[in-house]
Amino acid sequence: MSLRPDLAIIAAHLPAGARALDIGCGDGELMAALRDERGADVRGLELDPGNVAAAVGRGLSVIQGDADTDLAGYPDQSFDYAILSQTLQTARAPDRVLDELLRIGRFAFVSFPNFAHWRVRLSLLWGGRMPVTRLLPERWYDTPNIHHLTIDDFRAHLAERGVIVEGAWFLSGDKQTGSAAANFLAEHAIFLLRREQRSLDRG
Amino acid sequence: MLTTPSSLDQRFGLSRRVVLPEPLRLDGGALLAPVEIAYETYGTLAADGGNAVLVCHALTGDQHLASAHPRTGKPGWWQRMVGPGKPIDTDRFFVICTNVLGSCMGSTGPASVDPSTGRPYAMAFPVITIRDMVRAQALLLDHLGVARLAAVVGGSMGGMQALSWAATFPERVEKCVVIASTARHSAQNIAFHEVGRQAVMADPNWRGGDYYDSEPPAAGLAVARMAAHITYLSEAGLTEKFGRRLQARAQKSFGFDADFQVESYLRHQGLAFTDRFDANSYLYITRALDYFDLAEEHGGLLANAFRGTATRFCLVSFDTDWLYPTAESRSIVHALMAAGAPASFVELSSPFGHDAFLLDSPELDRVIHGFLSAGR
């Protein structure tokens with residue numbers, strides 16, 4: 001099984017047996033890996049009915065729904081981890097989705113493509129056109145990515161909201177890259193977050 | 001047509017009936033006895049009894065799930081879903097389908113003989129609930145030696161039974177599939193049923209329910225079925241199928257014949273129904289549906305119905321179903337989430353409205369097959 005690199009990082013850092021909610025779980029690839037390799041009790045939320053059907057076919061518990069509107073039904077702290085991979089930039093209200101993530105889960109994994117990657121900058125600087133890259137393959141008019149963000153934007157937002165960063169991983173291509181110049185060099189970021197005011201202990 | 005299991009056990013196979021060994025205490029307070037349940041089984045019960053799947057039929061369905069209907073000769077109502085290699089695979093599962101309590105295909109209902117009078121119960125039959133139907137099924141399972149169901153599966157009223165099973169006997173249900181259904185009957189649902197019941201009762205042949213020695217109230221029942229049938233379809237489906245096309249004529253008659261194809265279709269549906277269904281059963285079963293409110297049975301909070309359950313749930317709705325719309329399934333899903341129950345939910349797209357669950361739907365097949373095949 002070869003998971004997408006950002007998913008592999010999440011899978012590698014999720015404690016065995018954790019309760020996790022994968023938001024925008026697609027056909028359940030990550031969920032299946034978390035269940036089979038980490039013994040996680042994992043649930044999913046997914047917009048596309050075909051993907052839900054595929055995930056249910058894998059024996060996964062997936063609810064068809066929209067991260068923008070359907071997270072309110074989950075009780076507070078009902079999961080150890082809430083996972084949002086490659087979906088934040090498609091949300092209508094990413095700040096509210098982030099709040100919901102940290103309400104539902106004690107921890108949250110969030111991964112997103114970095115709009116400040118040098119290739120994106122170069123494309124806009126020299127080409128004067130909205131960048132079309134490997135991680136951002138759609139053109140300006142048909143992209144589902146309606147809230148582009150950079151790693152520095154995200155860090156600033158977390159600081160404003162008082163969200164604590166427990167861990168951060170950066171990817172260039174399929175390889176991990178350092179955090180030093182991540183905003184320039186990383187195509188992709190994965191953050192592990194928790195709310196400041198909440199105790200790490202259960203209950 | 002499926003073959004009966006090779007087992008010589010007379011309890012298993014097609015067209016079976018059993019008188020339950022004990023009286024049934026009903027939600028309405030009455031004690032009903034004797035209770036006879038008509039049922040069919042398909043496939044072979046595993047030695048450990050762990051492969052039983054109970055399929056629950058909808059309002060006007062019956063136990064002929066995947067075998068020819070004795071009166072109409074038509075294939076079973078879910079023949080496409082149940083059989084060897086099909087989504088509910090009888091090579092793997094032992095499948096049971098019962099005629100619900102109160103119905104008219106062999107289970108005890110208003111047309112049955114009241115032992116205290118020697119005549120059909122008619123309106124002296126006690127009002128029953130969905131949970132009463134489920135309790136009768138549970139007694140049948142005891143008779144069959146099935147302690148625990150690998151799954152209970154149902155659409156529409158069958159979905160209500162499946163939910164009621166999971167809420168009433170959680171320890172006996174491993175998986176629960178609820179298709180195009182609801183946890184409570186809405187005011188609109190009750191309103192449509194009331195139209196149907198009033199149509200039956202307005203038929204002079206109904207005679208307060210005592211028509212078993214005379215002509216049945218076929219006209220009233222046909223009207224009830226016509227009204228109900230509209231709720232099973234969608235405007236898009238009706239338009240696609242009939243539009244405003246005329247039936248066997250080139251021009252409008254400027255009268256009240258069935259000028260339009262859709263009228264002719266509904267009249268046919270209504271009449272065909274009266275050949276196979278008892279009007280009093282229709283009254284009692286629609287009443288059972290109207291009384292259904294799973295939250296009310298659990299202190300007003302639906303999540304309480306599923307608190308602490310280990311049952312895995314799968315809910316499916318159809319986007320054109322306006323009888324039990326997606327919002328009804330979603331509210332069940334929210335209750336399941338609040339109760340921490342493992343649940344899946346998908347809204348499938350179909351032009352066919354509520355009836356979609358009975359029709360060809362590869363996506364539904366995929367979901368049901370996947371959900372039933374997957375291990376814990």
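Per chain, numbering begins at 1; letters A, B, ... match sequence-line order.
Interface residue Val56(A): backbone and side-chain heavy atoms are both found under 4.5 Å from chain B. Only the backbone of Ala341(B) comes within less than 4.5 Å of a heavy atom in chain A; its side chain stays farther off. Looking at Leu60(A), only its backbone comes within 4.5 Å of chain B, counting heavy atoms on both sides. If you measure heavy-atom distances from Ala55(A) to chain B, you find no contacts under 4.5 Å at all.
Expressed to the nearest 0.5 Å, how far CD of Gln64(A) lies from CG of Leu348(B) amounts to 7.5 Å.
Summarising the local packing, CD of Glu138(A) is surrounded by more than 12 heavy atoms from other residues, nucleotides or ligands at distances under 6.0 Å. Summarising the local packing, CZ of Arg121(A) is surrounded by more than 12 heavy atoms from other residues, nucleotides or ligands at distances under 6.0 Å.
Arg330(B) is linked by a side-chain hydrogen bond (donor to acceptor under 3.5 Å, both in side chains) to nothing, counting only residues two or more places apart in sequence or in another chain.
Ranked by heavy-atom pairs under 4.5 Å with chain A, the first of Ala335(B), Ser349(B), Cys314(B), Ser344(B) is Ser344(B). Between chain B and the options Asp41(A), Val62(A), Asp70(A), heavy-atom pairs under 4.5 Å are most frequent for Val62(A). Across Ser78(A), Gly44(A), Ala54(A), the residue that shares the most heavy-atom pairs under 4.5 angstrom with chain B is Ala54(A). When each of Glu347(B), His369(B), Glu363(B) is scored by its heavy-atom pairs under 4.5 Å with chain A, the top score falls to Glu347(B). Interface summary for chain B: among Ser61(A), Gly57(A), Pro75(A), the most heavy-atom pairs under 4.5 angstrom belong to Ser61(A).
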